Protein chains: 2
Amino acid sequence: MAKNAVPEEQRRRRRPTKQGTVLTHDLIVDTALRMLREHGAQGFTARRLGLALGADASALYRYFAGLDELTRAIADALMHRAMTGWVPTGEWRTDLRDLGLRIHAAYLAHPQAAVLAASRVSGRAHEIAADEAILGVLRGAGFADPAAVRIYHVFVDQALAFAALDAASLALPVEAREADEAVWDATYARLPAETHPHIAATSQLLAERMNASAYPAALDLLLAAAASEAPSHP
Amino acid sequence: MAKNAVPEEQRRRRRPTKQGTVLTHDLIVDTALRMLREHGAQGFTARRLGLALGADASALYRYFAGLDELTRAIADALMHRAMTGWVPTGEWRTDLRDLGLRIHAAYLAHPQAAVLAASRVSGRAHEIAADEAILGVLRGAGFADPAAVRIYHVFVDQALAFAALDAASLALPVEAREADEAVWDATYARLPAETHPHIAATSQLLAERMNASAYPAALDLLLAAAASEAPSHP
DNA sequence: CGACGAACGTCAACCGCGTTGGCATAAGGG
DNA sequence: CCCTTATGCCAACGCGGTTGACGTTCGTCG
């Protein structure tokens, strides 16, 4: 049955669920995103998604060949939200910085979805549009193709990787994060300077930094390194 | 029963399994690592681990409160392996590059552990040792404390984030990865130059790159950006 | 040297997961 | 108004983590 799922053609017949709602690709994806935001990734299952839709879990298989395909659709919806409203200025560093922060933020808004989706190739329209835009900015700035592709690869994977990492922290159960903070206070903040001089000397700076995402700093370093390769600034 | 698992005190009673082996924390962790390396993460389950040990899966719960705790122990062993044998050369770029690749490789060798461990502060001996080493390399190279801490933060999170991302790809079931490849071939490789000129122009380069990890390139870009801030090379 | 009690492996069972095949039913065209 | 077909529902399968009860084994103490 898995292979019989309708891909994306128009649907004709509509039959309401027992609770009156009518299923759609979009409705399923939106509900999935809401579930992920509210209850976390570990609480996201096909059965619960069906329940939230007022439908049986097996009804999902009329729309997606499996959870795999549904995950791809979720990833693409995230990318759609990241890209809407973006307009290039023509200055490549500004444009890339904007795009990176947008993608990071879109995934962070749905932490659990990010963890699920970051490692998948969705191959859908919005992901492709983002890829084309990033490559376009780089090639438009005059980077030769090998350099453009290399920087593009790092840029995309870095955005997704940091988003997934930060999202995973956000998605932790409360007691886990409290435990992590307690571990920090009990170890890093009290390391003697004799055995761990570098941590001890910078513990104040460390404490300020480690609670925030490293992505903005990482993005700036990436752009700086790219700029030193750029043809316009040799 | 989960909370009754013995943490790390000495054990006194020993009782052989039906096939003669005697269970230990270390034996369980080593067997788990071997299973992960040989059969991949998708085949790693508590039941199969029990089978590989010649024991019932439920016997594991005498040693670990659950799969989470077992995974954390695996992660600790991973960091241990990443750091053993590392000796600083005194040249900070070489040292940081070596450390980054070591951590990334150690986590990649055991994908499931990477995904679970990357977002947690373990606060255990080996993690602290790694942090002290990285900070030491940066401060030893003459970076001022704020810059050292900033680069340290990006370096650590970048290594973990890419490791987790790459690990998540590796941990996917085989069908999922085949599906991703099929999606790639069906879309990116066939985009017309009229609508997607940049992807079409670089599709050959893209196909070569996207199957590999972006981490080595990302690491090199980070080191290049840091070098341009370094006091010795102003 | 014998018995006791704790340590610990085993068994059977529970519940939830993704997924599937068969069936029931509603929608919409003729 | 009926008939086809899309589509939701149900029951079931195999597999996952986890648990409680049970019985065996071993170190220890008298």
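In what follows, every chain begins at residue 1, and chains take the letters A, B, ... in the order their sequences are listed. Basis for what follows: all heavy atoms, side chains included, without hydrogens, waters or symmetry-related copies. Source: prediction; values computed, not measured.
- Rounded to whole Å, atom C1' of C:dC17 lies 10 Å from atom CG of A:Leu67.
- In the interface, the side chain of A:Ser58 is paired with the base of D:dC10 through a donor and an acceptor atom under 3.5 Å apart.
- Between the P atom of D:dT24 and the CG atom of B:Leu23 lies a distance of 19 Å, rounded to the nearest Å.
- Taking atom CZ of B:Phe64 as the reference point, atom C1' of D:dT18 lies 16 Å away to the nearest angstrom.
- Smallest separation of non-hydrogen atoms from B:Ile103 and B:Ala159: CG2-CB, 4.4 Å.
- With hydrogens and angles disregarded, no donor-acceptor distance shorter than 3.5 Å links the side chain of A:Arg209 to the backbone of A:Ala214.
- Between the CG atom of A:Asp56 and the C1' atom of D:dA6 there is a distance of 17 Å, rounded to whole Å.
- Regarding contacts with the backbone of D:dG8, a side-chain N or O of A:Tyr63 is found under 4.0 angstrom from either OP1 or OP2.
- Nearest-nucleotide assignment on DNA chain D puts the 5′-proximal partner with A:Ala59, out of A:Ala59 and B:Ala57.
- Residue side chain A:Arg47 does not reach the base of C:dG16 through any donor-acceptor N/O pair under 3.5 Å, judged by distance alone.
- Between B:Asp76 and B:Arg72, no side-chain nitrogen of the basic residue sits less than 4.0 Å from a carboxylate oxygen of the acidic one, so the salt-bridge criterion is not met.
- Between the P atom of C:dC11 and the OH atom of B:Tyr61 lies a distance of 17 Å, rounded to the nearest Å.
- Between the C1' atom of D:dG16 and the CG atom of B:Leu70 lies a distance of 15 Å, rounded to the nearest Å.
- Annotation: the span from A:Leu67 atom CG to A:Ile74 atom CD1 amounts to 8.0 Å, rounded to 0.5 Å.
- When rounded to the nearest whole Å, the span between CG of A:Leu51 and P of D:dC9 equals 11 Å.
- Summarising the geometry, the separation between CZ on B:Arg62 and P on D:dT24 is reported as 15 Å, rounded to the nearest angstrom.
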